[in-house]
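As the structure is a prediction and not an experimental result, all values here were calculated from the model. Note on naming: letters A, B, ... go to the chains in the order of the sequence lines (proteins, then strands), and numbering restarts at 1 for each one.
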Amino acid sequence: ETGVTQTPRHLVMGMTNKKSLKCEQHLGHNAMYWYKQSAKKPLELMFVYSLEERVENNSVPSRFSPECPNSSHLFLHLHTLQPEDSALYLCASSQEGGRQPQHFGDGTRLSIL
Amino acid sequence: AQKVTQAQTEISVVEKEDVTLDCVYETRDTTYYLFWYKQPPSGELVFLIRRNSFDEQNEISGRYSWNFQKSTSSFNFTITASQVVDSAVYFCALSEGGLTGGGNKLTFGTGTQLKVEL
């Protein structure tokens, strides 16, 4: 298995659906991240988990709910999303500490109808 | 607050040309780290290089080279003899040093789209 794996790669959902994005890392890292990447916008950090505890929530709407059951897995639960939530959602992992590079998955391309 | 500026939104070059991608950063930290990532059309951000704030040595890796200058707060990336496979979006990023227990928070620039044509 390669470093960081995200599923699904593509997701189309209606505004009333509930779905979850999954991220798994095989690098032995202890920090995981969710980012949102919209067209023409900088990468937006959504959530940070360090040692399985959430340490950052960048004013993300409650319709996005993260879960980190262990250091290798990270989920993003989606509920009642809006069209402006359509974007590429990227998961990353790293070791603790500012010098450590983050390693990214391929992302989930989410489209809200 | 930290900030990373990549003023070049899009660059188009012909194969075999050299190209330099600019990155200017702002931080009040004395210890910090700079990164470059490549994002091909497939979507994954690929880590290319990390540079420490206390190490201004330039680095060369094959056709890639990086020029770090603290005096101008710049960390520019040059691709020599560009190839079509270099076509991607390139991101410069900055993180604070020495943090523990809070993850590693990166501040990204807006990216530069590089198109290399035959």
Considering the options Phe108(B), Phe91(B), Tyr37(B), which one meets the ring-ring contact (aromatic ring centres under 6.0 Å, His included) requirement together with Tyr35(A)? Phe108(B)
Using a strict 4.0 Å threshold on nitrogen-to-oxygen distance, state whether Lys115(B) and Glu10(B) make a salt bridge. yes
Distance flag, aromatic centroids of Tyr25(B) and Tyr32(B), threshold under 6.0 Å: yes
For Gln6(B), is it the side chain, the backbone, both or neither that has a heavy atom under 4.5 Å from a heavy atom of chain A? neither
Turns out that what part of Arg9(A) lies under 4.5 Å from chain B's heavy atoms comes down to side chain
Side chain from CB out, backbone as N, CA, C, O: work out which of these in Gln37(A) comes under 4.5 Å of a heavy atom of chain B, or both, or neither. side chain
Where does the angle between the aromatic ring planes of Phe68(B) and Phe75(B) fall among parallel (under 30°), tilted (30 to 60°) and perpendicular (over 60°)? perpendicular
